[in-house]
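Heads up, the thing below is written out as structure tokens.
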Amino acid sequence: MTPTSRSRPQQGALLDLPATAPQAVDGEGVSEPVARVVVDVPLPHLDHTFDYLVPPAMASVALPGTRVQVRFAGRDRSAYVVERRSDTDHRTTLAPLRRAVSPVPVLSPTVLDLCRAVADRYAGMLMDVVRLAVPPRHATTEKAVLEKHAPGALVSRVVDPPDSQAWQAYTGGPAFLRHLAAGESPRAVWTALPGHEPVPGAALSNGSASVESTVEPTVPAGVLPWPTSIAQAAHATLASGRGVLVVVPTTRHVTQVVDALAAILPNEPVARLVADDGPARRYRAFLRTLLGEARLVVGTRAAAFAPVTDLGLAVIFDDGDDRLAEPRAPYPHARQVLALRAEREGAAMLVGGFTRTVEAQLLVEQRWAHPVQAPRELLRRVTPRVEAPGEVELAREGPAAAARIPHPAWRIAKEALTTGPVLVQVARGGYVPVVACARCREPARCRTCHGPLRLERAGAAPSCSWCGRIAADWACSTCGDTRVRATRVGSTRTAEELGRAFPSVPVVVSGATADHGVVETVDDRPRLVVATPGAEPVARGGYVAALLLDGATSTSRPELWASAEALRRWLGAAALVRGAEAGGRVMLLGQPAPVPAQALVRWDPAGFAARELAERAELSFPPAVRLAAVQGTPAAVRSLLGHLEPLDGLEVLGPVAVEAPDPRTEAPAPTRRPRTGSPRAAARPVPPRPLVPEPEVRAVLRVDRRQGAALSRRLAHAAAARSARKEDGGVRVQVDPPDLW
DNA sequence: ATTTGTGTGCGG
DNA sequence: CGCACACAAATG
């Protein structure tokens with residue numbers, strides 16, 4: 001691995017000085033007295049290395065990978081040493097390092113190389129990526145970990161490969177594990193089967209309440225919960241003496257994977273890298289990874305950069321979850337980070353999920369990864385029977401066809417509740433999250449801020465979901481009517497209705513809203529579980545049935561990804577239900593779009609992904625092509641586009657005005673600090689900052705996928721040229737923007 | 001951002 | 001000519 005420690009040439013045509021011959025530096029006894037560093041400055045044209053002199057006192061501390069402080073443009077800035085050398089290409093005398101912050105080389109050459117690749121791919125700055133990769137230092141934790149750490153005690157335990165039963169359910173599965181165990185680096189896109197933890201005792205005792213279960217369903221070998229399958233792949237990789245990194249969307253997923261690893265590899269330490277754990281625990285887990293104390297690392301998106309020693313396998317699960325995309329510049333996606341990493345470090349990769357994302361489909365079609373999925377016959381047995389009755393079928397059943405929960409759905413729930421738990425997936429949380437005028441159906445809005453009104457609980461007056469004001473004397477601005485009706489029904493109200501219909505069955509609500517938290521698990525007793533997508537509790541032994549309400553709500557969104565996202569959510573819920581062989585049933589309701597609905601009924605996420613990708617190729621949409629969005633004030637966007645060097649086949653769409661920022665998500669007024677401490681600031685005329693932020697525009701750049709790297713390079717150059725000229729008005733450059741259309 | 005270097009204009 | 005101020009370039 002070659003770290004990219006070479007000083008990059010000055011950006012653009014601004015400064016094309018003849019390369020100065022490296023000059024030896026007299027270090028007064030210090031060997032390699034030059035520290036090449038990356039400095040934390042937010043200016044794109046300064047996104048390269050700088051050389052400093054290492055004072056004798058820091059000679060053995062300021063080693064490559066360590067944090068230091070340097071004087072830069074008159075201020076102390078934090079920086080990382082990326083290289084130590086004995087010469088410099090800088091012409092004038094070097095300034096000394098100010099302070100060695102810590103002796104721990106937190107930025108390893110491998111991770112630095114990855115950060116550079118990610119920055120390049122996303123047209124961003126190296127330091128922005130490094131900030132994502134290296135968690136903030138926690139001094140007391142660092143001291144504690146270093147004191148306890150005994151380098152000699154690191155025993156690379158030899159692990160035997162997993163038994164040959166593992167992954168047998170999947171075509172190509174055993175081969176995948178075999179290659180991992182042999183130290184090779186296969187890549188797979190894995191469509192996971194629903195698997196359920198067996199109910200203790202149920203498989204053995206035949207005195208179950210279920211009368212007709214004379215035939216005990218035989219769960220085929222290898223149909224296991226997804227975290228267990230991942231643990232088996234990790235096991236195989238450990239057998240080759242290499243480390244494993246697993247990245248998942250949420251803390252909840254992390255816990256599931258950590259538990260599965262503990263069950264299969266009880267003696268193997270696991271590092272849990274989750275930002276939610278807080279600075280101390282997060283930094284401790286990071287250091288344990290860095291020191292090689294844990295070869296198994298599990299975490300959320302930032303963990304994609306974890307310094308796993310000798311990485312053998314990178315895993316990402318449920319890669320369609322938007323929480324795997326980093327919200328800070330340069331907005332890298334964990335799937336992409338891991339893919340770059342697998343290539344650069346020669347590691348294997350596993351992209352898994354119940355659905356198959358369009359991006360994963362592209363990896364398959366490019367032959368970058370092999371598909372790993374179950375044969376049709378097995379799939380039919382272990383997935384639930386799914387129905388998506390159309391209006392015609394429902395009308396045959398009786399007059400209540402248009403009801404949110406039509407008669408056939410009630411019947412499924414009633415039958416299932418005699419045996420075990422039933423899941424009801426509802427698109428929205430809360431009680432009645434959106435109301436409209438009862439007469440003209442115009443959405444009801446707040447008189448003060450024009451936010452949408454909702455009902456927070458039974459019998460409550462409507463209130464604004466943006467500002468919280470109670471709209472006690474609301475009247476429709478269109479027709480004057482004072483009555484409201486529900487346009488969306490949330491999980492709380494749904495639970496209320498279901499509770500009335502099944503008074504003898506307990507009802508559980510799970511969701512990320514304030515009223516109630518996310519419920520992790522439920523047992524196998526009869527119970528109604530109402531949950532929003534992603535918050536479905538795992539039921540021991542699997543749900544007997546699931547009702548997926550609000551089908552249209554999830555597919556009618558205008559975004560490009562709406563139907564793929566709907567299918568992902570439906571499959572996520574349906575995968576918690578027992579297989580058809582064990583009586584599991586799913587009903588999809590609420591007029592969903594037919595294409596994703598049929599993909600669910602046939603349980604064919606790969607077919608859906610192939611069709612979706614073909615369609616996007618036809619329309620020149622990503623990921624079939626590479627897109628980048630450039631957003632900012634009109635002048636700033638225009639200037640950035642003006643600085644772009646020509647690129648074959650580059651299409652520039654727009655710029656067009658972007659819709660007004662949403663007052664819910666937009667911070668109030670970004671009060672600019674007047675810097676009271678500095679007398680200079682008072683003397684300088686403050687540029688007038690508009691009270692109302694200037695409206696922004698966005699341009700979309702489109703190129704062939706093979707030109708993607710060239711586009712990113714040009715965007716980074718243009719941003720550097722702009723910042724070098726101190727052109728103000730920030731522009732946000734986003735490669736692979738997730739939220740277009 | 002902040003510092004440093006260079007150019008310009010005006011008073012002496 | 002000398003100095004203050006403005007602007008541009010560089011930041012090690």
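Throughout, a chain's letter reflects where its sequence line sits, starting with A, and its residues are numbered from 1. Please read all numbers here as calculations on a predicted model, not as lab measurements.
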Next on the checklist: One thing to verify: whether A:Arg84 and A:Glu32 come together as a salt bridge, which I'm taking to mean a side-chain N less than 4.0 angstrom from a carboxylate O.
Outcome noted: no

Next on the checklist: Looking at A:Arg75, I'd like to know whether one of its side-chain N or O atoms comes within less than 4.0 Å of OP1 or OP2 on B:dA1.
Outcome noted: no

Checklist entry - Can you tell me how far C1' of B:dA1 sits from CG of A:Asp76, to the nearest Å? => result 14 Å

Item to check | Length of the CZ-P vector between A:Arg77 and B:dT2, whole Å | outcome: 8 Å

Checklist entry - Where along residues 59-68 of chain A does a heavy atom come under 4.0 Å from DNA chain B, residue by residue in number order? => result none

Next on the checklist: Whole angstroms only, please: what is the NE2-P distance between A:His45 and C:dT11?
Outcome noted: 10 Å

Checklist entry - Just how far, in rounded Å, is P of B:dT2 from CZ of A:Phe72? => result 13 Å

Next on the checklist: Test of understanding: with side-chain hydrogen bond (donor to acceptor under 3.5 Å, both in side chains), list the residues that count as partners of A:Thr289, not counting sequence neighbours.
Outcome noted: none

Item to check | A:Thr140 backbone acceptor or donor facing A:Tyr283 side chain under 3.5 Å | outcome: no

Checklist entry - A:Leu53 near the nucleic acid: base, sugar-phosphate alone, or nothing, with a heavy-atom cut-off under 4.0 Å? => result nothing

Checklist entry - Roughly, in whole Å, what's the span from CZ in A:Phe50 to C1' in C:dA10? => result 9 Å

Would you list the protein and nucleotides 5-9 of chain C atom pairs, both N or O, that sit under 3.5 Å from each other?
unit_1 : atom_1 : unit_2   : atom_2 : d
C:dA9  : N6     : A:Lys726 : NZ     : 3.2

Checklist entry - Any donor-acceptor pair under 3.5 Å joining the side chain of A:His48 to the base of C:dT11? => result no

Next on the checklist: Ring centres under 6.0 Å, that's the criterion: do A:His48 and A:Phe50 meet it?
Outcome noted: yes

Checklist entry - Between atom CZ of A:Arg713 and atom CG of A:Asp120, what is the distance when rounded to the nearest 0.5 Å? => result 8.5 Å

Checklist entry - Under the side chain to side chain donor-acceptor pair (under 3.5 Å) criterion, do A:Gln336 and A:Arg121 qualify, and how do the steps go? => result CA-CA 9 Å; A:Gln336 191 59 41; A:Arg121 161 71 223 258; 3.2 Å; yes

